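Here's the structure, in structure tokens; my notes come after.
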Amino acid sequence: MQTAAIILAAGAGTRMKSKKPKVAHEMLGKPLVSWVVDAAEEAGVDKIVTVVGHMREQVEPLVASRTQVVVQETQRGTADAVLSCADALDGFDGSLLVLSGDCPLVTADTMRALATAREAADAAVVVLTMQPEDPFGYGRIIRDEIGQVERIVEQKDASPEQAAVRECNSGFYCFDAKALFEALEQVGSDNAQGEFYLTDVIEISREAGRAVIALPASDDAECLGINSRIQLAQATKIAQRRINESFMAAGVTMLDPDQVWIGPDVKISADVELLPQVFLYGKTEVGEDSVIGPNSRLVDTVVGRGCIVDETVALQARVDDGATCGPRAYLRPGAHLCEGAKAGTHVEIKKSTVGRGSKVPHLSYVGDTVIGEGANLGAGTITCNYDGKHKSATTIGDGAFIGSSTMLVAPVSIGNGVVIGAGSVIARDVPDDALALTRPEQVVKEGWAALQRQKFAQEG
Ligand code: UD1
Ligand code: CA
């Protein structure tokens, strides 16, 4: 049977106290709504529709490439939000999941379980339920004498007796799509909030003689909705633990997993060691036997096997097998350390390749540069790649030896096997195997320092 999903993401999220819409807030480097899209894709859903509204210009770009986007102009309730997808799902006949964009911990397994349960019973709706410690604020599941689900009553509409019920609506459902859109036409707004409640569909379906089922969540944590920064931190903790435990089970060592934050799309091989205060976000990958940290942040960065990445910030960079970085290296977009290369202490590299076995060990800036194999850049080598307007390129040949504190004024090309004298300012190309240096004549005045000290002493 075909499966579609609607992700509700039009609400304001006022309790976040933010200028950003709630579903655009990030958990482990990824927007909340994207976690839900990921899970729906993983569950094999055929079509996903996202309902946007409040601050939609910030939400739409997050989902537009992966889901169809529908606009709900005014937020008149969850039933109205689903109804706004009627055109997008016109003619769709199958299982329709309704998901909340602010519940990032929901899993593909749960989505599949909802659809399977609905199809097995040919039910009008299966609602995922939970038993929170404090049910305040949630819709309560009201059952009849024989325990069948009768309806859902919202907190604000509940009698004291109903409010005492612990079983709550998680806000995740699987509907028979055709029956849902028929039932939605009968939903009114005669309730405490004057909203159109999606939950009214439960009672309407039951009265139409269709099966209505409650499926208890296998883990209530999955249903955690994010309404505040406190809940965002709680959900982040749960996600962090889930991800870290699965990597440890797969052979990754963490000295202290509470101090390692890994995004959901990161890949890490066995026998990698992650030290404290490590952030691995985006599409980062780490190959086997590499050691990352302490104090390192890698975003969209691919690290090979047997690398050491110590106190490093790396953004869209590549570190090939056996390369080392840090402590205190900064690899900016386009930095590429080839096999066995080194970017050492207080070294910044941008849009540059450091060839196999080449070393930039101390205090350097390398930008828009291609370095060959086996070259060595002395301490304090700087590529002067920017004239205030344009960026210019530098090339450094195989085996070149650049003396300490050299300025390479780009555009400039240093040949293979070249030696540059320390302290030089190199603004013209240097051919293979040459020595180049620029160095003012040294002045020596014998005894001058001793006389100076004597003079100072007499002054008192
Ligand atoms: C809803 C359920 C409640 C359930 C709870 C679980 C209803 C009436 N109630 O309550 O039974 O226990 O979720 O978290 O459905 N949204 C729109 N457009 C709107 C209104 C809401 O897109 O017009 C979106 C919100 O952005 C949010 C989701 O729908 O992602 C849920 O809406 P919200 O107002 O938070 O519902 P609750 O009051 O929490
Ligand atoms: Ca609400």
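Numbering of ligands and ligand atoms starts at 1, following listing order. Scope of the values below: all heavy atoms of this structure, side chains included, with no hydrogens, waters or symmetry mates. These numbers were taken from a predicted model, which means no experiment stands behind them.
- The shortest N or O to N or O distance between Gly139 and ligand 1 is below 3.5 Å.
- The closest side-chain donor-acceptor pair between Ser364 and Glu348, if any, does not fall under 3.5 angstrom.
- Among the atoms of Asn227, none of the N or O lies under 3.5 angstrom from an N or O of ligand 1.
- Below 3.5 Å of separation, one finds an N or O of Glu154 facing an N or O of ligand 1.
- The 12-atom threshold is exceeded at NZ of Lys20, counting heavy atoms of other residues, nucleotides or ligands nearer than 6.0 Å.
- Separating the CE atom in Met16 from the CG atom in Asn227 is a distance of 8.5 Å, to the nearest 0.5 Å.
- In this structure, of Ala12, Cys223, Gly13, Gly171, the residue bringing a heavy atom nearest to atom 13 (O) of ligand 1 is Gly171.
- With a heavy-atom cut-off of 4.0 Å, Ala10 touches ligand 1 through backbone and side chain alike.
- Using a 4.0 Å cut-off between heavy atoms, Glu195 makes no contact with ligand 1 at all.
- In this structure, Ser170 is part of the shell of residues with a heavy atom less than 4.0 angstrom from ligand 1.
- Heavy atoms of Gly77 approach ligand 1 to within less than 4.0 angstrom.
- Using a 4.0 Å heavy-atom cutoff, Thr199 is listed among the residues neighbouring ligand 1.
- When the options Thr78, Val82, Asn191, Ile152 are ranked by their closest heavy atom to atom 31 (C) of ligand 1, first place goes to Thr78.
- Side-chain contact between Asp176 and Arg118 is present, with heavy atoms from C-beta onward closer than 4.5 Å.
- If you check each of Val98, Val70, Leu8 against atom 27 (C) of ligand 1, the one with the closest non-hydrogen atom is Leu8.
- Side-chain atoms of Phe175 and Ile6, non-hydrogen and from C-beta on, never get closer than 4.5 Å to each other.
- Separating the CH2 atom in Trp35 from the SG atom in Cys103 is a distance of 13.5 Å, to the nearest 0.5 Å.
- Looking at Arg76 next to ligand 1, an N or O pair under 3.5 Å apart turns up.
- By the 3.5 Å distance cut-off applied to N or O atoms, Ala81 is not counted among the residues near ligand 1.
- When heavy-atom distances to ligand 1 are checked against a 4.0 Å cut-off, Gln72 comes that close only through its side chain, counted from C-beta outward.
- Side-chain contact of Tyr386 with Asp368: a donor-acceptor pair under 3.5 Å is absent, judged by distance alone.
- Using a 3.5 Å distance cut-off with no hydrogens or angles, the side chains of Ser18 and His25 do pair a donor with an acceptor.
- For Lys237 and Gln240, the side-chain atoms include at least one donor-acceptor pair closer than 3.5 Å.
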